[in-house]
Amino acid sequence: MEDFSALTSEFTPMIHHIIRSLSIYKNKEEYFQVGLIALWESLRNFNEEYGQFSNYAYTVIKGKILNELKHHHKYEAHTEPFDSFILEIKDPFSIHDEAFAIDNILSYTDGLTLNQQRWLLQTYLENKTVTEIAEIYQVTAAAVKSWRRSALNKLRKQLIFPL
């Protein structure tokens with residue numbers, strides 16, 4: 001165990017460097033722990049054929065942290081409650097005063113995914129552009145365009161073949 005504690009003190013700056021290079025600013029301690037676990041796994045699985053240990057450890061640590069980032073992003077994207085999103089849109093300072101327009105647009109959200117609803121509401125209630133919506137939800141503009149395309153296809157089908 002003393003061997004791993006010495007290895008930990010030696011590779012701590014590398015883990016912090018990886019966290020900074022990935023622009024992680026939330027939950028740094030959690031990602032540092034993921035890095036330590038990856039360091040331990042790389043020590044257990046290292047084979048001399050892989051080359052130098054430091055290069056192998058760097059690759060494993062960065063890969064594990066990237067996987068954890070991906071899992072956190074997916075979790076946050078799928079667990080946001082829809083009710084809080086509607087409450088956010090109904091903020092009187094961020095939408096038009098016309099209650100009729102709001103109710104009319106909200107009636108079209110049935111059958112749309114959360115991201116498609118975000119695009120619809122942000123576009124028609126907030127007059128946001130694709131890039132502004134992308135900045136709000138921290139995704140690429142291409143992702144928002146994909147939401148738009150899918151939402152428009154679903155809305156067209158609803159208008160042509162109402163259920």
Side-chain angles (χ1 to χ4, degrees), residues 11-39 41-42 55-163:
F11 281 87
T12 295
M14 178 189 286
I15 296 171
H16 286 296
H17 169 74
I18 292 170
I19 291 171
R20 277 192 312 275
S21 71
L22 295 173
S23 301
I24 297 173
Y25 59 93
K26 291 182 186 177
N27 305 326
K28 287 182 181 180
E29 297 83 19
E30 180 180 341
Y31 290 105
F32 181 75
Q33 289 300 318
V34 170
L36 287 176
I37 292 168
L39 178 64
E41 288 176 1
S42 64
N55 295 340
Y56 176 72
Y58 183 89
T59 304
V60 171
I61 293 168
K62 189 168 185 176
K64 294 283 185 180
I65 291 175
L66 282 171
N67 282 339
E68 192 67 23
L69 273 172
K70 180 175 69 174
H71 290 299
H72 276 280
H73 179 72
K74 283 184 179 180
Y75 176 78
E76 288 175 0
H78 293 294
T79 58
E80 182 178 345
F82 181 72
D83 295 336
S84 68
F85 181 71
I86 292 297
L87 292 176
E88 176 185 323
I89 293 298
K90 289 186 177 181
D91 180 13
F93 299 109
S94 66
I95 60 174
H96 305 291
D97 294 328
E98 303 172 83
F100 175 75
I102 294 169
D103 291 338
N104 193 19
I105 290 174
L106 288 177
S107 69
Y108 289 104
T109 60
D110 291 339
L112 298 179
T113 65
L114 177 61
N115 289 333
Q116 293 166 353
Q117 291 171 1
R118 287 175 174 170
W119 169 80
L120 181 70
L121 297 173
Q122 290 290 327
T123 300
Y124 292 101
L125 294 179
E126 303 267 339
N127 292 324
K128 301 279 187 194
T129 65
V130 169
T131 53
E132 291 171 334
I133 296 170
E135 289 173 8
I136 291 170
Y137 296 107
Q138 297 178 349
V139 296
T140 63
V144 177
K145 288 177 185 179
S146 173
W147 302 348
R148 176 182 63 193
R149 183 175 50 254
S150 301
L152 289 175
N153 286 337
K154 285 182 181 179
L155 291 171
R156 285 184 190 116
K157 287 179 183 177
Q158 284 179 1
L159 292 175
I160 294 173
F161 302 111
L163 297 176

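All of these numbers come straight from a predicted model, not from anything done at the bench.
Listed by first then second residue, pairs satisfying side-chain hydrogen bond (donor to acceptor under 3.5 Å, both in side chains) with a partner in residues 146-155 read Q116-K154, N153-R156, not counting sequence neighbours.
Listed by chain and number, the residues in a salt bridge (Lys or Arg N to Asp or Glu O under 4.0 Å) with E41 are K64 (sequence neighbours excluded). By the ring pair (Phe, Tyr, Trp, His ring centres under 6.0 Å) test, H17 is found to be paired with no residue, residues two or more places apart in sequence or in another chain being considered. For S42, there are no side chain to side chain donor-acceptor pair (under 3.5 Å) partners at least two apart in sequence or on another chain. Considering only residues two or more places apart in sequence or on other chains, E30 meets the side chain to side chain donor-acceptor pair (under 3.5 Å) condition with H72. In terms of the ring pair (Phe, Tyr, Trp, His ring centres under 6.0 Å) criterion, residue partners of Y56 (sequence neighbours excluded) are, by chain and number, F46, Y50. For the side chain to side chain contact (heavy atoms under 4.5 Å, CB included) test, residues two or more places apart in sequence or in another chain that qualify with E132 are K128, T129. By the side chain to side chain contact (heavy atoms under 4.5 Å, CB included) test, T59 pairs with no residue at all, sequence neighbours left out.
From W119, atom CH2 reaches atom CG of L152 across 4.0 Å, with rounding to the nearest 0.5 Å. Between atom CD1 of residue I65 and atom CD of residue E68 there is a gap of 9.0 Å, rounded to the nearest 0.5 Å. Of the inter-residue distances, the one linking Y31 atom OH with I24 atom CD1 reads 5.5 Å to the nearest 0.5 angstrom. Here the CG atom belonging to L69 is positioned 11.5 Å from the NZ atom belonging to K26, to the nearest 0.5 angstrom. To the nearest 0.5 Å, atoms CG (L120) and CZ (R118) are separated by 13.5 Å.
For I19 against K28, the heavy-atom pair with the smallest separation is CD1-O, 3.9 Å. Annotation for I61 and L39: closest pair CG1-N, 3.9 Å, computed over non-hydrogen atoms. Among all heavy-atom pairs drawn from T131 and A141, the shortest one is CG2-CB, 4.5 Å.
The side chain to side chain contact (heavy atoms under 4.5 Å, CB included) test with V144 singles out one residue from N115, T123, V130, I136, and that residue is V130.
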